[in-house]
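Contents: one structure, followed by commentary.
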Amino acid sequence: MVKGSIVALVTPFHEDGSVNFEKLTELCEWHIANHTDGILVLGTTGESSTMTQEEDDQVVEHCIKVINHRVPVIVGAGSNSTQAMKERSIKYEKMGADQLLLISPYYNKANEQGMIHHFLESADAVNIPIILYNVPGRTGCSISEGAIKVLSKHPNIKGIKEASGNISYAMNIARYLNDDFVMYSGNDDMITPIMSLGGSGVISVLANIAPQQTHDIVQSYLDGSPEKSLEIQLKYLDVIHALFCEVNPIPVKEAMNMMGKGVGGYRLPLFEMKDSNKAVLRAALEEAGLL
């Protein structure tokens, strides 16, 4: 499993809203050159929820081809439909994904046994590592500690992206971490704290604009310098807060465009940032030396 910074990659769009594959290539190369340790496609930040299945498949195929095993490619294959998630998991494994990120079932939610079997359906169907994704702010439900205890024992379930922002929850599930089940911070403002609980890194929005720095937060901790990790974490804290002043990925795409990355706009229901929030974002980027 990856130890380090996994970028939750944005999906760049042309002015007409179509996927900009040339820019996608450029972003993948930039991340590899700047020591991003893994690349997640079709995550929340990648706006997969507004894309067609054909577009999802094209983005996955393109990134796997461009990256060509230089870093692991993790693919978001989740769905609130257990059957759809299983089918996507099988398909993306066949396409060459190194790992899968599977979200808890949103909207319909699930009781504990339903949650467990939701993930087991895919875990039993593939032979590549699965990372669970706990983000109750998006899904309206959390993966219970009891479910984690069971799921962490499955040979194909190798980790969790913990994005609840609840350090008590993270502490409770830390007891299940070992060489075969790891935890990634799903919140950029909690990378160093999660590392202190035995975490292996972060699946990051910040890495879209500061790939080397996000890598360094994790690597410093892994190298035995938690003080350095905390120093970098705190340096970019205002940027992190600005990246979430509106719903993700609106601010991070705006930041990338400010930085000249030209990733384009969004698809509805996402919309352009308020001018007041743009000013806050720009000021944070300038203060951190990113503009």
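Within a 6.0 Å radius of NZ in K235, other residues, nucleotides and ligands contribute 12 heavy atoms or fewer. Under a cut-off of 6.0 angstrom, the local environment of NZ in K278 is crowded, with over 12 non-hydrogen atoms contributed by other residues, nucleotides or ligands. By the 6.0 Å contact criterion, CG on N111 is enclosed, its count of non-hydrogen atoms from other residues, nucleotides or ligands being greater than 12. More than 12 heavy atoms of other residues, nucleotides or ligands shown are found within 6.0 angstrom of CD on Q53.
Taking 4.5 Å as the limit, some side-chain heavy atom of I148 sits within range of a side-chain heavy atom of I143. Between I240 and Q233 there is a side-chain heavy-atom pair separated by less than 4.5 Å. Counting heavy atoms from C-beta outward, T36 and V71 have side chains that stay 4.5 Å or more apart. Considering only heavy atoms from C-beta on, E93 comes within 4.5 Å of N127 through its side chain. The shortest distance between side-chain heavy atoms of S185 and E162 does not fall below 4.5 Å. Counting only heavy atoms from C-beta outward, the side chains of L268 and T50 never approach each other to under 4.5 Å. I64 is not listed as a side-chain neighbour of Y92, based on a closest heavy-atom distance of 4.5 Å or more. With a 4.5 Å cut-off on side-chain heavy atoms, K65 and N68 do not count as touching.
Here the closest non-hydrogen pair linking A255 and L281 is N-CD2, 3.8 Å. Minimum interatomic distance between P249 and L270 (heavy atoms only, all atoms of both residues): CD-CD1, 3.5 Å. In plain terms, the two heavy atoms of H31 and P211 that are nearest each other are ND1-CB, 3.7 Å. Of all non-hydrogen atoms in N208 and W30, the two that sit nearest each other are O-CZ3, 3.1 Å. Contact between V66 and C28 at its shortest, heavy atoms only, is CG1-CB, 4.0 Å. Considering all non-hydrogen atoms of both residues, Y184 and I194 come closest at C-CG2, 4.4 Å.
Cluster membership for V150 and I131, using ILVMFWY side-chain heavy atoms within less than 4.5 angstrom, is not shared. Under the 4.5 Å side-chain heavy-atom criterion for Ile, Leu, Val, Met, Phe, Trp and Tyr, M85 and I90 are members of the same hydrophobic cluster. The same ILVMFWY cluster, assembled from side-chain heavy atoms under 4.5 Å apart, contains both V202 and V252. Cluster annotation: Y221 and V7 are assigned to the same hydrophobic cluster (Ile/Leu/Val/Met/Phe/Trp/Tyr, side-chain heavy-atom contacts under 4.5 Å, transitive). A single hydrophobic cluster is seen to contain both L27 and V73, as judged by linkage of ILVMFWY side chains at heavy-atom distances under 4.5 Å, directly or through other members.
Once rounded to the nearest 0.5 Å, the distance linking CD of E26 with CG of N20 reads 8.5 Å. Note that CG of L151 and CD1 of I130 are 9.5 Å apart. Values are rounded to the nearest 0.5 Å. In this structure, H118 NE2 and Q113 CD are separated by 14.5 Å, a value rounded to the nearest 0.5 Å. With rounding to the nearest 0.5 Å, the separation of OG in S229 from CG in L234 is 9.0 Å. Rounding to the nearest 0.5 Å places CE of M171 at 4.5 Å from CG of L197. Atoms OG and CG, from S142 and N134 in turn, are 3.5 Å apart once rounded to the nearest 0.5 Å.
Checked by atom type, the side-chain pair D98/H69 shows no donor-acceptor distance below 3.5 Å. Using modelled atom types and a 3.5 Å distance limit, the side chains of Y236 and D188 yield no donor-acceptor pair. If you check the side chains of E87 and S89, you find no donor sitting under 3.5 Å from an acceptor. At a cut-off of 3.5 Å, with distance as the only test, no side-chain donor of D223 or S225 sits close to an acceptor on the other residue. For T82 and E121, the side-chain atoms include no donor-acceptor pair closer than 3.5 Å. Residues Q212 and N34 have side chains that never bring a donor and an acceptor to within less than 3.5 angstrom of each other. No donor-acceptor contact under 3.5 angstrom links the side chains of T44 and N248, judged on distance only. Side-chain atoms of Y266 and E272 form no donor-acceptor pair, as typed in the model, at a separation below 3.5 Å.
Using a cut-off of 4.0 Å between Lys/Arg side-chain N and Asp/Glu carboxylate O, E55 and R267 are scored as salt-bridged. A salt bridge is defined here as a Lys NZ or Arg NE, NH1 or NH2 lying under 4.0 Å from an Asp or Glu carboxylate O, and R282 with E254 fails to meet this definition. Taking the charged nitrogens against the carboxylate oxygens, D56 and R88 do have a contact shorter than 4.0 Å, which makes a salt bridge. Ion pairing between K3 and D37 fails under the 4.0 Å rule for side-chain N and carboxylate O.
Both the sub-6.0 Å distance and the 45° axial angle are satisfied by K161 relative to the ring of Y133. For the pair R138 and Y106, the cation-pi test (distance below 6.0 Å, angle within 45°) is failed.
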Verdict with supporting geometry, D238 and E287, side-chain contact (heavy atoms from CB on, under 4.5 Å): CA-CA 9 Å; D238 287 344; E287 179 66 24; 5.6 Å; no
side-chain contact (heavy atoms from CB on, under 4.5 Å) between T11 and L24, worked out: CA-CA 7 Å; T11 301; L24 193 58; 5.5 Å; no
Stepwise salt bridge (charged side-chain N to carboxylate O under 4.0 Å, His left out) check, K91 with E61: CA-CA 11 Å; K91 174 167 57 177; E61 183 178 32; over 6 Å; no
F13 and K253: CA distance, side-chain angles, deciding distance, side-chain contact (heavy atoms from CB on, under 4.5 Å) verdict: CA-CA 10 Å; F13 295 134; K253 289 188 98 172; 3.4 Å; yes
Stepwise side-chain contact (heavy atoms from CB on, under 4.5 Å) check, K109 with M115: CA-CA 8 Å; K109 304 185 181 181; M115 184 77 72; over 6 Å; no
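For the pairing with S5, the side chain to side chain contact (heavy atoms under 4.5 Å, CB included) check across T214, L206, I191 returns one residue only, T214. Exactly one residue among D216, V218, T192 makes a side chain to side chain contact (heavy atoms under 4.5 Å, CB included) with I232. That residue is D216. The only option from E227, H215, K228, M195 that meets the side chain to side chain contact (heavy atoms under 4.5 Å, CB included) definition with S220 turns out to be K228.
Formation of a donor-acceptor pair under 3.5 Å by the H154 side chain with backbone atoms of N156 is found in this model. Remark: the backbone N or O of K274 is paired with a side-chain donor or acceptor of E246 at under 3.5 angstrom. With hydrogens and angles ignored, the 3.5 Å screen pairs no side-chain donor or acceptor of N187 with any backbone N or O of D189. The closest donor-acceptor contact from the side chain of K23 to the backbone of K261 lies under 3.5 Å. Looking at H62, its side chain does come within 3.5 Å of a backbone N or O of F21 through a donor-acceptor pair.
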